[in-house]
Amino acid sequence: MRQTPDSKQIEQKKHESGATMESGELTLLCSGCGASLEYSAGARALKCVYCAAVTEIPRAGEDEVDATPDHVVTLVVTRNQLEDAVFQHLAEGRYTPDNLLEHATFTKVEQFFVPAYAFTGKYEANWTASFGYNRTEHYTDYVKDSRGNSQAVSRTRTVTDWRPVNGSDSGGFSVLTYGGSRLLDASLDLTTRLVERCQMKGDLADYSASFTSGFDVEAYSQRPNEAYGNRGEALVNAIIDQGVKQHAQGDSQKDWHWTASTQKNASRVLIPVCHIVYEYQGKAYNVWTDGTSTANLVADAGPEDHGRRRAVRYGFMPALAGVAAFAGVAATTNGQLSALPEVPLMWAGLIGSIAYGVLRRHSILSYSLKLRHAILAQRKMATTNTAYVDEAERGRLMESCKRPDRPWLAGTMKDSVILPLASVAALAFVLTPRLHEQVRMHAQQLEATAAPAVETPAPVADNPAQPETLAQATAAQPVTTASPEPQQAVAAVEASAAAAPTAPVQAPAQIADTLVNTATPAQASPVAQAQVSVPVPVVDVLSAAAQNDWSSVDTTADRLRRTDLASAVPRDRASARAANVEGKAALGTSNYFGAIDAFRRGVVADPVDIEIQNNLGFAYEEAGRQQEAIDVVTDVLTRSPRRSSAWANLASSLAESGHLPEAEAALSIAVHYTSNRDRSLAFLQEQAAGGRSDAIKQVSMQVSQRALDIPIAMANTAKVSTATLVQPPAPALASREAPSKGDQAYVRSINQQLEQQLKDLGTSK
């Protein structure tokens with residue numbers, strides 16, 4: 001901002017040199033005849049063209065630098081106070097060496113005065129700005145539901161109304177700026193801290209040599225206008241800006257602009273400054289303060305005890321070991337933290353190792369600080385005359401001089417023994433529960449996979465491809481024996497349910513009667529029934545569930561598993577998983593046709609990936625293509641009869657088709673095979689309250705009300721490792737009364753996927 005010049009000083013210079021200031025331009029008059037002279041840059045004197053008189057161009061302000069100061073701020077900090085303040089400063093800090101107060105030596109203690117300019121005056125400013133006032137606005141938004149229909153939704157948003165405002169402001173200012181050069185050589189910002197922010201605890205007196213007698217006084221090296229342009233103007237503008245913005249109104253402001261005119265006076269002021277240089281281990285450190293208060297202390301970064309810093313860092317070695325062990329345990333759960341062992345020992349090891357590092361750090365740092373304060377108190381005690389101090393005060397002084405005892409956590413002499421032992425203990429506490437669980441699961445796996453002599457495992461292809469996930473390991477059965485063409489692969493997946501006999505859900509008659517008779521009056525279909533076909537073996541499972549014959553459910557479901565699948569099929573895992581991610585993203589934006597296209601491409605790339613096929617069925621269901629959804633989901637069930645999410649998808653398709661008793665049976669089977677009963681019940685309650693259709697709400701309500709009566713499948717009560725799973729025997733060899741151990745191992749491996757599948761199902765819906 002442009003400021004008006006100091007009119008008093010310029011008028012004085014006008015008289016002395018014959019120069020006048022008009023509109024900010026310098027006009028010179030001939031000293032001989034009074035004619036106007038033209039000024040040229042770089043000229044030191046001008047010769048009049050009329051009378052040939054030579055007029056010197058005044059060099060403004062050349063004598064201002066050596067002028068006598070106007071005021072002086074008195075020095076009130078004594079040398080002893082300065083040294084005490086520096087010792088107090090050395091006693092602080094986290095990593096300050098404990099022996100710093102005893103080994104630091106003062107090599108320079110000086111007090112001197114530095115030149116400064118005090119600019120005082122007043123200003124008048126005109127400003128403009130925009131003030132914003134918030135209000136709440138109601139509007140209607142149109143969103144698409146799961147069927148693609150637009151629905152009106154009322155929403156609110158905050159709108160800011162901006163109003164242009166202008167005004168004026170006036171006030172006074174008083175700033176100090178440095179007028180010398182000595183403080184500029186320091187690496188610290190001394191001019192701001194010691195001059196501009198001077199505490200001014202001393203008196204401001206008219207200058208007299210008696211105030212500076214015996215002290216060095218730095219000479220002025222800047223003229224007033226130079227000091228004002230270099231720094232003073234910015235300080236004044238900051239004061240004006242602060243004053244202008246006090247007129248702010250509304251909830252928010254922007255576009256501040258102002259112009260101001262000022263009237264200022266400049267005076268020379270001497271500011272006292274104190275400086276101490278101390279040395280420690282051959283290195284010098286500076287401490288500065290203004291001469292009016294030791295509270296305004298500016299110092300170089302002090303020395304550090306690197307040994308203490310290392311000791312603090314080493315104290316977190318057990319915590320690092322505990323966190324690394326915990327990360328390793330978490331990695332074995334494929335990111336599912338809910339699968340971590342619920343053993344207090346593991347959490348105690350992790351939290352205890354972290355707490356040890358934190359407490360040790362606090363103990364080391366607090367002991368060092370107390371020790372330095374005790375040394376400082378001893379120094380003060382040595383320089384204090386205690387003859388006139390009462391007993392109570394003398395006792396407090398003696399107590400403060402007592403050096404503290406080192407806590408056992410702060411002791412670092414035995415770190416080479418204690419820290420490794422603590423790290424090993426942290427590892428043991430965190431890893432032991434998981435290792436114990438792994439050993440137990442491995443024993444169960446060996447027992448489950450030890451097939452009887454009369455049972456022959458299904459053949460395994462030579463050099464089978466190692467599956468990357470459990471879903472691939474348990475579903476690595478091809479749709480065809482050869483690599484299908486893209487359209488053929490999709491057709492094979494979507495039409496595979498036709499390999500088994502199919503019938504409308506109303507046939508055969510005895511099954512339909514059983515399902516309908518189990519329905520309560522509240523189950524009257526809220527939508528018209530659509531004719532859909534379900535394979536007869538799947539209808540048999542639904543019939544058994546409707547009769548609450550859960551033993552038959554397990555046996556009949558296991559018979560769904562197809563045995564005519566090849567042992568290997570060409571698979572493009574990368575393309576399939578990329579298509580799966582694309583399909584999920586499309587589901588998230590209700591782009592069901594895009595999701596169907598993506599999942600179909602995923603099935604073509606990897607026909608064995610049962611998760612992608614199940615997602616394809618869910619996408620068909622969301623798109624309202626219920627028969628196609630049922631075809632794909634029932635094919636999933638022929639590969640994984642106990643896949644809880646597939647039964648839940650089948651239930652949704654049946655409910656949307658108006659077949660509520662059958663949907664209730666399918667959803668009951670999903671609850672029967674879930675591996676997380678609590679999460680499934682929560683999902684049912686959410687669907688009953690906020691399902692996308694009345695049919696789904698009704699079915700979810702019916703199943704949730706009797707969910708506690710649905711037994712948990714036996715294979716879901718234990719989890720096994722997939723490291724040594726073998727292919728189960730054909731379902732025809734399984735006993736209806738007592739499933740084989742091979743079947744149990746297979747079912748347990750399948751159900752390890754159910755929790756994540758139900759979670760994905762809940763997220764998608």
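Note that these values count all heavy atoms, side chains included, but never hydrogens, waters or copies made by symmetry. As the structure is a prediction and not an experimental result, all values here were calculated from the model.
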Open item on the list: How about CZ on Arg193, more than 12 heavy atoms from neighbouring residues, nucleotides or ligands closer than 6.0 Å, or not?
Closed with: yes
Task: Atom NZ of Lys370 with >12 non-hydrogen neighbours under 6.0 angstrom - done: no
Open item on the list: Can you give me the closest heavy-atom contact between Leu75 and Cys274, atom names plus distance?
Closed with: CD1-SG, 4.1 Å
- [ ] Begin from the C-alpha positions of Arg309 and Glu304 and carry the test side-chain contact (heavy atoms from CB on, under 4.5 Å) through to its verdict.
- [x] CA-CA 8 Å; Arg309 185 180 289 275; Glu304 286 191 356; 3.1 Å; yes
Task: 4.5 Å side-chain heavy-atom contact, Arg361 and Arg94 - done: yes
Task: Side chains of Val236 and Val175 in contact at under 4.5 Å (non-hydrogen atoms) - done: yes
- [ ] Check the angle between the aromatic planes of Phe119 and Tyr228 and answer parallel, tilted or perpendicular using the 30° and 60° thresholds.
- [x] perpendicular
Open item on the list: Just so I know, are the side chains of Val287 and Leu297 near enough to count as touching, which here means a heavy-atom distance under 4.5 Å?
Closed with: yes
Open item on the list: Treating Gln81 as the side-chain partner and Thr78 as the backbone partner, does any N or O pair qualify as donor plus acceptor under 3.5 Å?
Closed with: yes
Task: Mutual orientation of the aromatic rings belonging to Trp288 and Phe112 [parallel < 30°, tilted 30-60°, perpendicular > 60°] - done: perpendicular
Open item on the list: Between Ser693 and Lys697 (side chain of the first, backbone of the second, donor and acceptor by atom type, cut-off under 3.5 Å), is there such a pair?
Closed with: no
- [ ] Measure the spacing between NE2 of His89 and CG of Leu100 and express it to the nearest 0.5 Å.
- [x] 8.5 Å
TODO: Check step by step if side chain to side chain donor-acceptor pair (under 3.5 Å) holds for Glu92 and His373.
DONE: CA-CA 8 Å; Glu92 306 299 331; His373 282 177; 3.1 Å; yes
Open item on the list: Take a 6.0 Å sphere around CD of Gln242 and say whether it holds more than 12 heavy atoms from other residues, nucleotides or ligands.
Closed with: no
- [ ] Kindly determine whether Val244 and Trp256 satisfy side-chain contact (heavy atoms from CB on, under 4.5 Å), including the steps that lead there.
- [x] CA-CA 9 Å; Val244 165; Trp256 285 99; 3.7 Å; yes
Open item on the list: Looking at Thr107 and Val277, would you say the former's side chain and the latter's main chain have a donor-acceptor pair under 3.5 Å?
Closed with: yes
- [ ] Using the salt bridge (Lys or Arg N to Asp or Glu O under 4.0 Å) rule, take Lys380 and Asp84 through it: C-alpha gap first, then chi angles, then the decisive distance, then the call.
- [x] CA-CA 8 Å; Lys380 291 181 179 179; Asp84 290 342; over 6 Å; no
Task: Arg197/Thr192 under side chain to side chain donor-acceptor pair (under 3.5 Å): CA gap, chis, key distance, verdict - done: CA-CA 6 Å; Arg197 301 178 187 175; Thr192 300; 5.9 Å; no
Open item on the list: Does this structure show an ion pair linking Lys122 with Glu124, if we count only N-O contacts that are shorter than 4.0 Å?
Closed with: no
TODO: Go through Val195 and Thr177 one step at a time and tell me if the side-chain contact (heavy atoms from CB on, under 4.5 Å) criterion holds.
DONE: CA-CA 7 Å; Val195 178; Thr177 59; over 6 Å; no
Open item on the list: As a test of understanding, state which of Asp203, Leu270, Thr292, Leu204 forms a side-chain contact (heavy atoms from CB on, under 4.5 Å) with Thr74.
Closed with: Asp203
- [ ] To the nearest 0.5 angstrom, please state how far the CZ atom of Arg155 sits from the OG1 atom of Thr140.
- [x] 10.0 Å
TODO: Kindly indicate whether the side chain of Arg268, heavy atoms from C-beta on, has any atom under 4.5 Å from the side chain of Pro224.
DONE: yes
Task: Spacing of CG belonging to Leu90 relative to OG1 belonging to Thr96, to within rounding of 0.5 Å - done: 8.0 Å
- [ ] Could you check if a side-chain atom of Asp70 sits within less than 4.5 angstrom of a side-chain atom of Val269, using non-hydrogen atoms only?
- [x] no
Task: Over all atoms of both residues, closest heavy-atom pair of Ser221 and Glu226 - done: O-OE1, 4.4 Å
Open item on the list: If I compare all heavy atoms of Ala586 with all of Gly594, which pair ends up nearest, and what's the gap?
Closed with: CB-C, 4.0 Å
Open item on the list: Distance alone, cut at 3.5 Å: any donor-acceptor contact between the side chains of Ser368 and Asp98?
Closed with: yes
TODO: Kindly say whether His362 contributes a backbone atom to a donor-acceptor pair with the side chain of Ser366 at under 3.5 angstrom?
DONE: yes
Open item on the list: So, taking the atom named OH in Tyr285 and the one named CG in Asp300, what distance separates them when rounded to the nearest 0.5 Å?
Closed with: 9.0 Å
- [ ] Considering only NZ, NE, NH1 and NH2 on the basic side and carboxylate oxygens on the acidic side, decide whether Glu83 and Lys108 come within less than 4.0 Å.
- [x] no
Task: Option from Glu218, Gln222, Arg231 for which side chain to side chain donor-acceptor pair (under 3.5 Å) with Tyr178 holds - done: Glu218
TODO: Any chance you could lay out the side-chain contact (heavy atoms from CB on, under 4.5 Å) test for Arg360 and Phe316, step after step, and finish with the verdict?
DONE: CA-CA 9 Å; Arg360 173 187 163 100; Phe316 286 94; over 6 Å; no
TODO: With sequence neighbours left out, write down each residue that passes salt bridge (Lys or Arg N to Asp or Glu O under 4.0 Å) with Lys245, or none if nothing qualifies.
DONE: Asp241
Task: Minimal non-hydrogen separation, Glu196 against Leu176, with atom names - done: CG-O, 3.2 Å
Open item on the list: Are Thr289 and Val298 packed together at the side-chain level, in the sense that at least one heavy-atom pair is separated by less than 4.5 angstrom?
Closed with: no
With a 3.5 Å cut-off and sequence neighbours excluded, list the donor-acceptor pairs that the side chains of residues 127-134 form with protein atoms.
| unit_1 | atom_1 | unit_2 | atom_2 | d |
| --- | --- | --- | --- | --- |
| Asn134 | OD1 | Thr160 | OG1 | 2.7 |

Open item on the list: I want to check something: taking the side chain as every heavy atom from C-beta on, are Thr158 and Arg135 in contact at a cut-off of under 4.5 Å?
Closed with: no
Task: Gap separating the CZ atom of Arg310 from the OH atom of Tyr95, nearest 0.5 angstrom - done: 12.0 Å
Open item on the list: Under a plain distance cut-off of 3.5 Å, with no hydrogens placed, do Asn286 and Tyr278 share a side-chain donor-acceptor pair?
Closed with: no
Task: Sidechain-backbone polar pair: Arg372 side chain, Gly93 backbone, donor-acceptor under 3.5 Å - done: yes
Task: Residues Asp597 and Arg601 bridged, charged N to O under 4.0 Å - done: yes
Task: Salt-bridge contact Lys283-Glu279 (side-chain N to carboxylate O under 4.0 Å) - done: no
Open item on the list: How close do Ile271 and Cys198 get, counting heavy atoms only, and between which atoms?
Closed with: CG2-SG, 4.0 Å
- [ ] Find the distance between OH (Tyr117) and NZ (Lys264) and round it off to the nearest 0.5 Å.
- [x] 12.5 Å
Open item on the list: Could you go through Phe106 and Phe87, starting from their C-alpha distance and side-chain angles, then the distance that decides it, and tell me whether this counts as ring-ring contact (aromatic ring centres under 6.0 Å, His included)?
Closed with: CA-CA 10 Å; Phe106 292 168; Phe87 276 115; 5.1 Å; yes
Open item on the list: Counting neighbours of OH on Tyr142 that are heavy atoms of other residues, nucleotides or ligands and sit closer than 6.0 Å, is the number greater than 12?
Closed with: no
TODO: Would you sort out whether Asn580 and Asn615 count as a side chain to side chain donor-acceptor pair (under 3.5 Å), showing the intermediate values?
DONE: CA-CA 8 Å; Asn580 190 45; Asn615 290 341; 2.9 Å; yes
Task: Shortest non-hydrogen contact between Asp206 and Phe211, atoms and distance - done: O-CE1, 3.6 Å
